[in-house]
Amino acid sequence: AMSQIPNGGFEDWSTVDGHLEPDDWMTSNSTTAPFGVITCEQGAPGETGNYYAKITSHVIEVQGVSALVPGFLISGDPATQTAGFPYSDRPEALNGSIQYDIQPGDQGNVTVSLVLNNVAIAGGILELNGSQNGWVNFSIPIIYEDETSYPDAAIVTSASSESPGVEGSTVSVDNLSFGPLSANAGIEEVQ
């Protein structure tokens, strides 16, 4: 069995500054919570397990100026603001469960990067448009730059909007893991 993504099932959450944060993940809440807006929240029940992570794009007011902040998740250590986690395998895919509601004119995503000495050696992206109500499995093929390099770390991200973004776009993720490419996934994308 391959080592897995820390808290990839989003079962572990901690209270930070009065709101819940998924353990082992950095979120956009660090930017928006001081303005009373939560862009990453705990959803329940999960596709499996108790919880999942739901990210939402919100507009915040800063000194009379409105700014859209995409909801995002980045695997890593929130205490040190270090993205990623130690990882040394060469999996075929990032697999998981997802549901989303991307507003017209916007696009969400889930990405994976495998890095060696802080340089990406492999990756994949799932671009999201429209709506998927109810959980569906996804499998993102990981494309390697060569046949021999092994990573020393992995970074998994998800965003509810891409620039400039639209308020109200949401992406919910659960059950993130590395493994073989799943032939029965409802969504696959290579890029």
Original post:
For Ser160 and Ser169, does a side-chain donor sit closer than 3.5 Å to a side-chain acceptor?
Top reply: no

Original post:
Under the side-chain contact (heavy atoms from CB on, under 4.5 Å) test, which residues partner Ser66, sequence neighbours left out?
Top reply: Val59, Glu61

**OP:** Starting at CG of Asp12, measure out to CG of Leu20 and round the result to the nearest 0.5 Å.
**Re:** 12.0 Å

Original post:
Just by modelled atom types, is the Lys54 backbone N or O under 3.5 Å from a matching donor or acceptor in the Glu41 side chain?
Top reply: no

Subject >> Approximate separation, where rounding is to 0.5 Å, of Tyr144 OH and Asp146 CG >> reply: 10.5 Å

Original post:
Do Thr39 and Thr56 have side chains that get closer than 4.5 Å, going by heavy atoms?
Top reply: no

**OP:** Dump the intermediate steps for side-chain contact (heavy atoms from CB on, under 4.5 Å) on Val112 and Ile142, then the final yes or no.
**Re:** CA-CA 8 Å; Val112 56; Ile142 298 174; 3.9 Å; yes

Original post:
Between Glu11 and Tyr51, is there a donor-acceptor pair closer than 3.5 Å when you use the side chain of the first and the backbone of the second?
Top reply: yes

**OP:** Could you tell me which non-hydrogen atom of Gln132 sits nearest to which non-hydrogen atom of Gln99, and how far apart they are?
**Re:** O-CB, 3.3 Å

Subject >> Nearest heavy atoms of Ser177 and Gln4, plus distance in Å >> reply: CB-OE1, 2.8 Å

Original post:
Roughly how far apart are Thr157 OG1 and Met26 CE, rounded to 0.5 Å?
Top reply: 10.0 Å

**OP:** May I ask you to test the Asp152-Ser88 pair for a side-chain heavy-atom distance under 4.5 Å?
**Re:** no

Original post:
Same cluster for Val136 and Phe10 if Ile/Leu/Val/Met/Phe/Trp/Tyr side chains link at under 4.5 Å?
Top reply: yes

Subject >> Ser139 to Ala93 - nearest heavy-atom pair and separation >> reply: OG-CB, 3.6 Å

**OP:** State, yes or no, whether a side-chain contact exists between Asn29 and His19 at a heavy-atom distance under 4.5 Å.
**Re:** yes

Original post:
Quick one: are Val37 and Thr31 in side-chain contact, heavy atoms under 4.5 Å?
Top reply: no

Subject >> Sidechain-backbone polar pair: Asn50 side chain, Pro45 backbone, donor-acceptor under 3.5 Å >> reply: no

Original post:
Are any side-chain N or O atoms of Arg90 and backbone N or O atoms of Ser149, one a donor and one an acceptor, separated by less than 3.5 Å?
Top reply: yes

Original post:
If Ile, Leu, Val, Met, Phe, Trp and Tyr residues are connected whenever their side-chain heavy atoms lie under 4.5 Å apart, and connections chain through other members, are Val171 and Val69 in the same group?
Top reply: no

Original post:
Which one of Asp101, Leu128, Ile102 satisfies the side chain to side chain contact (heavy atoms under 4.5 Å, CB included) criterion with Thr170?
Top reply: Asp101

Subject >> Flag side-chain contact, heavy atom, 4.5 Å: Asn109 against Leu126 >> reply: no

Original post:
For residues 148-172, which residue pairs qualify under ring-ring contact (aromatic ring centres under 6.0 Å, His included), counting only residues two or more places apart or in two chains?
Top reply: none

**OP:** Over all heavy atoms of both residues, which pair between Trp25 and Asn7 is shortest? Give the atoms and the distance, please.
**Re:** NE1-O, 3.3 Å

**OP:** For Glu47, enumerate each residue passing the side-chain contact (heavy atoms from CB on, under 4.5 Å) test, keeping only those at least two apart in sequence or located in another chain.
**Re:** Ser97, Trp135, Asp174, Asn175

Original post:
Are the side chains of Pro70 and Ser28 in touch, meaning some heavy atoms are under 4.5 Å apart?
Top reply: no

Subject >> Residue pair Glu92 / Leu181: nearest heavy atoms and the distance that separates them >> reply: OE1-N, 2.9 Å

Original post:
Counting heavy atoms not belonging to Asp17, are there more than 12 under 6.0 Å from its CG?
Top reply: no

Original post:
Taking C-beta and beyond as the side chain, do Ile55 and Ser158 meet within less than 4.5 Å on heavy atoms?
Top reply: yes

Original post:
Rounded to the nearest 0.5 Å, how far apart are CD1 of Ile140 and CG of Leu94?
Top reply: 4.5 Å

**OP:** Can you see which heavy atom on Gly130 is nearest to which on Tyr100, and at what distance?
**Re:** O-CD1, 3.5 Å

Subject >> Spacing of OG belonging to Ser75 relative to CD1 belonging to Ile155, to within rounding of 0.5 Å >> reply: 6.5 Å

**OP:** Would you give the length of the straight line joining atom CD of Gln107 to atom CD of Glu127, rounded to the nearest 0.5 angstrom?
**Re:** 4.0 Å

Subject >> Residue of the set Asp89, Asn95, Ile5 for which side chain to side chain contact (heavy atoms under 4.5 Å, CB included) holds with Phe178 >> reply: Ile5

**OP:** Fit a plane to each ring of Phe85 and Tyr87, take the angle between them on a 0 to 90° scale, and name the class: parallel (under 30°), tilted (30 to 60°) or perpendicular (over 60°).
**Re:** perpendicular

Subject >> Same apolar cluster: Val173 and Ile74, side chain cutoff 4.5 Å >> reply: no

Original post:
Can you check side-chain contact (heavy atoms from CB on, under 4.5 Å) on Leu176 and Phe138, steps first, answer last?
Top reply: CA-CA 9 Å; Leu176 300 178; Phe138 70 86; 3.6 Å; yes

Subject >> Close side-chain approach of Leu73 and Pro22, heavy atoms under 4.5 Å >> reply: yes

